[in-house]
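Heads up, the thing below is written out as structure tokens.
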Amino acid sequence: MSGLVAADATRGIRQVNPVAKLGAALLLALCLVLTIDWVSAATALGLEALIALALAAMGRLGIPWRVFWLRTLPVWIAAPLAALTIALYGQAGGTVHWEWLAIRVSDGSLELALATALRVLAIGLPAVVLFITVDATDLADGLAQVWRLPARFVLGALAAFRLVGLFFDDWRYLSLARRARGVGDSGRIRRATGQVFALFVLAIRRGSKLATAMEARGFGGTGRRTWARESFFGWREWLVVIAGWMVGMIAIGTAIATGHWNFIVG
Amino acid sequence: MPPARPADVRASGWGWRYATRRRAAVHELDLVIEPGERVLLLGASGSGKSTLVHALAGVLGGDDEGEQFGRLAVDGRPPGEQRGRAGLVLQDPESQVILSRVGDDVAFGCENLGVPREDIWPRVRESLDAVGLDVPLDRSTSELSGGQKQRLALAGVLAMQPGLLLLDEPTANLDPAGVIEVRDAVSRVLDRTGATLVVIEHRVETWLPLVERVVVLAPGGGVLADGAPDVILGRSADHLAAAGVWVPGRPRVVPQRLRREGAHLLQAVDLSFGRTAPVHAPVTLSATAGRALALTGPNGSGKTTLGHTLAGLLPPLGGSLEALPELHSGAGASPIRWRSRELLTRIGTVFQEPEHQLLSTTVRRELEVGPRALGLSAAETARRVDELLGRLRLDALAEANPFTLSGGEKRRLSVATVIATRPRMLVLDEPTFGQDARTWAEQVALLCELLDEGRAIVAMTHDAEFVDALADERVEL
């Protein structure tokens, strides 16, 4: 670590290399999208809750509970919504409880709905917890130093990412300017189309200016590049990756053992 | 800071033509700058100052970007082959911030040059110290002021320990405090490193205490004048003034105004303003036909937000903002409730960045937007557009794409688009930002005419000379 990060960032999962968090979340998601059943999802969710509680008890979760509920709110909303859709329109099976037009609520669709809701939570919650503590610069450091992705690509994307904030300002000014120029009364969609194009033009201009500034600081040269911040990948990072993978594998194992394994293809 | 060996510059018969242009940007240039010299580079817009500085920094690009003539060398070698030997700071603070933390941003250049990690952080700290930017290394770069961002860019360049420091109008977008901040930082850096300096800046006065030589590029190519600052500024004063250089001690020519005071147009009482929350204490002010009101204050004080609120673009957050009958003529007392089309003949707004308000593909069509939205006849539209093209010297550019115009031309165009619909009141955001002395004078003359026609002007500005020349009232934020 560079020792540059704020004091509260030196505890808990914030400290873990973002690449490890990305890897853990990807491995877990990969395991859980192979099957669509409620047992594997419930197992994964239960294990995740245990890990979170254990980390919190050790004071190493790194995020306060209030922040946790606030940031995961979209996941808590998305899960029942996805379940409702599946319950109403999902593949029917067993007893049919209610039917109206294309809607058919059955035992089969209810079970699928439960499996879906649990799955959204089991993939979504850890992903949010892992990623709200990721800093874009640290992730770029990790991608380039640990995963050995090309520096040009990673740093270019990182610098471009910073421009996104400026694009919001641009969009606001473009909207005000259209009102000021007397063309703000026309249809919303037509106006938005023109504005998107204008934003695109501005984005290219900003991008080329930024590219010049980067080049002026020696970016894109042929020499060997060094890294001011070391992206460290040690036992703690391996632990996080293995934890993600284990949760996924145990979930799959439980589903197979209890006969609920329901391979997504087929 | 270990003094880097100062670099020398040799140009012989050097020229550059951008691939997209027919004429060369720089032509037949012969110039020698000795190690450690401090040079102020002047010349009319289009004389190729910026191109030369970009070339010295090695960022002009290769054969696909343009065509090179003659020879240009830094320390005897082509600048493109020695990244880091020259460091470049540009005009726009926003587009020079690369990373999101101060320390990382300064370290970026060192990383690219392959400086070992253990050497990078001491260099970062020394550079920040040299430019006087006393903030924590993990401070977010987006929280810095304009002057701080420019000093950050300077620190980023300095950390690369260049022998040649290149500054392309580094203070043109800053408020007066920011200008001094950056100038003093450069002065300190030069004293510590002894690096060679080439700075481009229209506002000569800022840099005179620092430079020992002035080079003036001729618009047609080559060097027009070269020598000690007082000699050159004395001998070539007329030419320099015509080229847009602010020659110190030359009085500004401001046209006589009729100063007929008209009706009150807009009244704000205890008006609080902001996008979501108030950004400043409530203000009380009024706009009057034939009078100019200046809203002044440092960068970030909320001038733009206040101006946009007065202009009927942002809703007031509290207090009252009332358009008087003379202005609203039947549209109601609250500008934010007017339809977009109703604004056109009442309040016109010129944005700080002309690009934000450009809508068309040619200058002529750009000017037609307003009159068309008003539903004017084709004949009347053409009449107004032709008149404006002539009045603002845009006739030669009528078919050009607005985005390809120079900064000064874009500014004139954005003012022209607004006055095409003859609004009673104009709101202008930093109308003299980045203008040279000539376009500055043109802008002031035009605004005087508009005031004499009985329009009200509200200008957000930190240009003290502009306020002196034009403002009848002033509200300081």
Side-chain angles (χ1 to χ4, degrees), chain A residues 2-6 9 135-138 140-141 151 155 158-159 161-163 165-166 169-170 172-186 191 194-195 198 201-202 205-230, chain B residues 54 57-59 83-84 87-88 90 92 94-101 103-104 107-117 120-121 124 137-138 142 153 156-157 160 275 308 311-314 339-341 343-344 347-349 351 353 355-359 369-370 373-374 403 417-418 421:
Chain A
S2 59
L4 299 175
V5 269
D135 173 273
T137 310
D138 296 339
D141 281 337
L155 291 169
L158 178 66
F161 185 68
R162 212 196 57 81
L163 287 183
L166 295 180
D169 291 341
D170 279 335
R172 224 174 36 239
Y173 282 124
L174 287 172
S175 310
L176 294 183
R178 270 155 172 72
R179 172 167 162 79
R181 299 244 8 227
V183 295
D185 296 323
S186 65
R191 203 167 67 218
Q195 239 173 273
V201 174
L202 286 173
R205 295 174 67 84
R206 280 198 194 284
S208 66
K209 276 198 208 167
L210 179 66
T212 303
M214 290 174 77
E215 215 186 321
R217 295 232 223 132
F219 184 66
T222 46
R224 194 182 57 87
R225 193 181 195 279
T226 51
W227 298 87
R229 300 160 302 278
E230 184 182 8
Chain B
H54 277 71
V59 296
R83 290 265 161 95
L88 171 67
L90 300 159
D92 178 13
E94 285 308 329
S95 57
Q96 292 185 83
V97 177
I98 294 162
L99 295 173
S100 59
R101 289 182 298 228
D104 299 350
F108 182 74
C110 298
E111 296 178 306
N112 291 327
L113 295 182
V115 175
R117 180 177 300 146
I120 292 181
W121 294 106
V124 168
L137 293 183
D138 64 347
S142 57
V157 160
M160 297 160 68
R275 267 200 309 121
H308 287 168
L313 303 178
L314 291 173
R339 294 162 59 83
S340 167
R341 196 150 40 89
L343 275 171
L344 286 175
I347 307 177
T349 311
F351 284 70
E353 303 239 14
E355 271 106 342
H356 283 137
Q357 63 186 120
L358 297 178
L359 298 166
V369 169
L374 282 181
F403 274 96
T417 58
V418 167
T421 57

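Just so it is clear: chains get the letters A, B, ... in the order the sequence lines come, proteins before strands, and each one is counted from 1.
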Contact between H54(B) and T212(A) at the side-chain level, heavy atoms closer than 4.5 Å - yes or no?
yes
Please answer whether the main-chain N or O of V115(B) pairs with a side-chain N or O of T226(A) as donor and acceptor at a distance below 3.5 Å.
yes
Leading residue by heavy atom contact count with chain A [cutoff under 4.5 Å; candidates E353(B), R339(B), Q96(B)]:
R339(B)
Which answer fits V124(B), side chain, backbone, both or neither, if we ask what part of it has an atom under 4.5 Å from a heavy atom of chain A?
neither
dist Q357(B):CD -> R179(A):CZ (nearest 0.5 Å) comes out at 14.5 Å
Find the one option among L359(B), L374(B), D92(B) whose heavy-atom pairs under 4.5 Å with chain A are most numerous.
L359(B)
For R224(A), which atoms come within 4.5 Å of any heavy atom of chain B: side chain, backbone, both, or neither?
both
So which of I98(B), L344(B), L88(B), T421(B) has the biggest tally of heavy-atom pairs under 4.5 Å with chain A?
I98(B)
Please check if the side chain of R205(A) supplies one atom and the backbone of E355(B) the other of a donor-acceptor pair under 3.5 Å.
no
Quick one: does R225(A)'s side chain have a donor or acceptor within less than 3.5 Å of a partner on E111(B)'s backbone?
no
Charged N to carboxylate O below 4.0 Å: is that the case for D169(A) and R275(B)?
no
So, do H308(B) and R172(A) sit near enough that their side-chain heavy atoms are less than 4.5 Å apart?
no
Is there a donor-acceptor contact under 3.5 Å from the side chain of S95(B) to the main chain of L210(A)?
no
